[in-house]
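Following: one structure in structure tokens, then a few remarks.
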Protein chains: 2
Amino acid sequence: MSKMHKEYALTKNQQIIFDLIDKSPEPMKAYSILFNVQKKGIKAPLQVYRALDKLVEIGKIHKIESRNAFIACHNSSCQVAKATAFSICEICEKVTEISSAGLSKYLANFKDKDGMKYSKYNLEFFGLCKKCTLK
Amino acid sequence: MSKMHKEYALTKNQQIIFDLIDKSPEPMKAYSILFNVQKKGIKAPLQVYRALDKLVEIGKIHKIESRNAFIACHNSSCQVAKATAFSICEICEKVTEISSAGLSKYLANFKDKDGMKYSKYNLEFFGLCKKCTLK
DNA sequence: AACACTGTGTAATAATATAACGTTAATATA
DNA sequence: TATATTAACGTTATATTATTACACAGTGTT
Ligand SMILES: [Zn+2]
Ligand SMILES: [Zn+2]
Ligand SMILES: [Zn+2]
Ligand SMILES: [Zn+2]
């Protein structure tokens with residue numbers, strides 16, 4: 001089967017946890033996920049972390065490193081799952097995945113002083129979202 | 001006193017912890033720092049975290065979010081401390097702060113779909129360092 | 001069958017980070 | 001000087017995030 005995340009067959013636990021994250025309007029933390037799926041039989045942190053690891057690996061979700069939280073990928077162009085960019089509101093904590101061809105091209109082609117290129121990256125922008133700017 | 005980190009006067013605890021991180025060839029984790037400064041009278045996690053928070057705030061160190069670790073800033077142009085970029089070797093875990101005028105200019109001027117600009121960002125590139133590439 | 005691979009369930013524990021409290025030192029300003 | 005304010009400190013306890021270890025089940029391959 002292809003590894004492109006739109007078609008990867010999830011296991012039961014993976015599907016339960018993905019559905020929860022996918023429905024959530026905001027990034028979810030692991031133990032909040034655990035609390036929410038206990039009624040579905042997922043009882044232990046490890047069950048959650050294992051599913052999260054896999055979902056990250058196949059690009060269905062991303063980890064917001066500065067928040068230790070997870071969001072579903074809604075960027076059909078980021079199937080590689082290893083080149084991600086987000087904007088984070090420092091007031092309301094709203095997180096949005098950025099899908100900018102220009103940005104991803106710039107970063108994918110970026111070379112450091114030694115001429116090294118890096119195919120994987122994670123970029124987190126911080127500021128105020130539209131709503132919070134107006135307040 | 002200026003807030004520019006090259007001249008900010010550190011307290012005793014801050015200085016002890018900064019010196020340790022500054023000497024380290026690799027990013028240091030909080031509890032590793034704690035272990036290393038216990039002989040100097042810093043006994044509790046909170047003492048470490050308070051110093052780390054302050055040192056990050058004034059730009060003397062940066063947190064590598066994907067590793068929960070801290071490195072000293074060696075980039076004289078990043079006095080703002082809120083616009084950081086690093087390369088991380090996935091094999092040997094070597095971390096290097098990237099100081100590229102082009103990159104920081106590009107990111108500082110980046111606008112999302114709504115035209116929002118973000119003054120703060122953190123970018124982590126992943127790949128293999130020169131040494132590890134040759135192996 | 002034997003093997004490799006992936007996922008599961010469970011318990012225990014490790015690693016990272018903060019809350020709450022009272023005290024002390026440095027700084028500002030009246 | 002006095003006194004108000006702020007920042008840092010020390011300590012204990014606790015919260016939050018993540019992994020180790022072990023036994024087992026399903027699936028596909030040889
Ligand atoms: Zn994505
Ligand atoms: Zn907001
Ligand atoms: Zn720096
Ligand atoms: Zn390396």
Side-chain angles (χ1 to χ4, degrees), chain A residues 1-3 5 7-21 24 26-71 93 95 122 124, chain B residues 1-3 5 7-21 24 26-71 93 95 122 124:
Chain A
M1 168 170 305
S2 163
K3 284 260 174 176
H5 66 284
E7 39 194 300
Y8 189 95
L10 302 182
T11 66
K12 182 164 156 266
N13 286 0
Q14 289 162 10
Q15 188 71 57
I16 289 169
I17 287 172
F18 173 73
D19 287 344
L20 179 67
I21 296 171
S24 172
E26 65 217 16
M28 292 197 75
K29 305 197 135 212
Y31 277 72
S32 160
I33 292 167
L34 175 58
F35 179 80
N36 276 277
V37 297
Q38 277 179 329
K39 47 185 169 290
K40 304 218 173 180
I42 295 173
K43 289 170 191 163
L46 190 50
Q47 296 174 284
V48 172
Y49 281 104
R50 283 199 281 226
L52 290 174
D53 286 350
K54 189 68 184 180
L55 291 167
V56 166
E57 183 194 329
I58 63 179
K60 297 278 292 183
I61 66 173
H62 302 302
K63 182 172 187 181
I64 309 301
E65 293 287 356
S66 66
R67 300 299 187 259
N68 297 318
F70 300 84
I71 65 169
E93 292 291 325
V95 173
N122 181 57
E124 297 180 5
Chain B
M1 169 168 310
S2 162
K3 285 259 175 179
H5 67 283
E7 40 194 303
Y8 190 95
L10 301 183
T11 66
K12 181 163 157 270
N13 286 0
Q14 289 161 12
Q15 189 70 58
I16 290 169
I17 287 172
F18 174 72
D19 287 343
L20 179 67
I21 297 170
S24 172
E26 61 218 17
M28 293 197 74
K29 306 197 137 214
Y31 277 73
S32 161
I33 292 167
L34 174 59
F35 178 81
N36 276 278
V37 297
Q38 276 178 330
K39 47 184 168 290
K40 303 218 171 177
I42 295 174
K43 290 171 190 160
L46 193 46
Q47 296 175 283
V48 173
Y49 280 104
R50 283 197 282 227
L52 290 173
D53 286 350
K54 189 67 183 182
L55 291 168
V56 166
E57 183 194 328
I58 66 179
K60 297 277 291 183
I61 66 172
H62 303 301
K63 182 173 188 181
I64 309 300
E65 293 287 355
S66 66
R67 300 299 187 259
N68 296 318
F70 300 84
I71 65 169
E93 292 292 324
V95 173
N122 180 56
E124 298 179 6

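Sequence lines set the chain letters: A, B, ... in the order given, protein chains first and strands last, and positions in each chain run from 1.
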Distance check needed: [N] [atom2] versus [X] [atom1], whole Å only.
| X | N | atom1 | atom2 | value |
| --- | --- | --- | --- | --- |
| B:Leu55 | D:dA8 | CG | C1' | 13 Å |
| B:Asp53 | D:dA7 | CG | C1' | 14 Å |
| A:Phe35 | D:dA15 | CZ | P | 16 Å |
| A:Ile64 | D:dT17 | CD1 | P | 14 Å |
| A:Gln47 | D:dT19 | CD | P | 16 Å |
| A:Leu52 | D:dA18 | CG | C1' | 11 Å |
| B:Tyr49 | D:dT11 | OH | C1' | 17 Å |
| B:Glu65 | D:dA18 | CD | P | 12 Å |

**OP:** May I ask you to verify whether the side chain of A:Tyr31 and the base of D:dA15 hold a donor-acceptor pair under 3.5 Å?
**Re:**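 Side chain to base: no pair below 3.5 Å.
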**OP:** Could you check A:Val48, A:Leu10, A:Ile61 and say which one makes a side-chain contact (heavy atoms from CB on, under 4.5 Å) with A:Ile17?
**Re:** A:Val48
**OP:** Could you verify whether a donor N or O on one side chain and an acceptor N or O on the other, from B:Ser66 and A:Glu65, lie under 3.5 Å apart?
**Re:**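 B:Ser66 vs A:Glu65: no donor-acceptor pair found between side chains.
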Subject >> Nucleotide interval of DNA chain C bounded by contacts with chain A (heavy-atom cut-off, under 4.0 Å) >> reply: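 Taking any atom under 4.0 Å from a heavy atom of chain A, the span is C:dG7 to C:dA11.
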Original post:
Which comes earlier along DNA chain C counting from the 5' end, the contact point of A:Gln14 or that of B:Pro45, where each point is its nearest nucleotide?
Top reply: A:Gln14
Between atom [atom1] of [X] and atom [atom2] of [Y], what is the distance when rounded to the nearest 0.5 Å?
| X | Y | atom1 | atom2 | answer |
| --- | --- | --- | --- | --- |
| B:Leu55 | B:His62 | CG | NE2 | 11.5 Å |
| A:Ile64 | A:Glu124 | CD1 | CD | 5.5 Å |
| B:Gln14 | B:Leu52 | CD | CG | 10.0 Å |

Subject >> Side-chain N or O of B:Asn13 closer than 4.0 Å to phosphate OP1/OP2 of D:dA8 >> reply: no
Original post:
Within less than 4.0 Å of OP1 or OP2 of D:dT17, is there a side-chain N or O belonging to A:Lys29?
Top reply: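 Yes, such a contact exists.
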Subject >> Student check: side-chain heavy atoms of B:Phe70 and B:Met28 closer than 4.5 Å >> reply: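 They are not in contact (no side-chain heavy atoms under 4.5 Å apart), so the answer is no.
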**OP:** Tell which nucleotide pairs with C:dA30, taking only Watson-Crick or G-U wobble pairs whose two distances are both under 3.5 angstrom.
**Re:**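 Partner of C:dA30: D:dT1.
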**OP:** Determine yes or no for a side-chain-to-main-chain donor-acceptor pair under 3.5 angstrom, with B:Gln15 supplying the side chain and B:Lys12 the backbone.
**Re:** no
Subject >> A:Leu46 or A:Ser32, whichever maps to the more 5' nucleotide of DNA chain D >> reply: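 Between the two, 5'-proximity favours A:Ser32.
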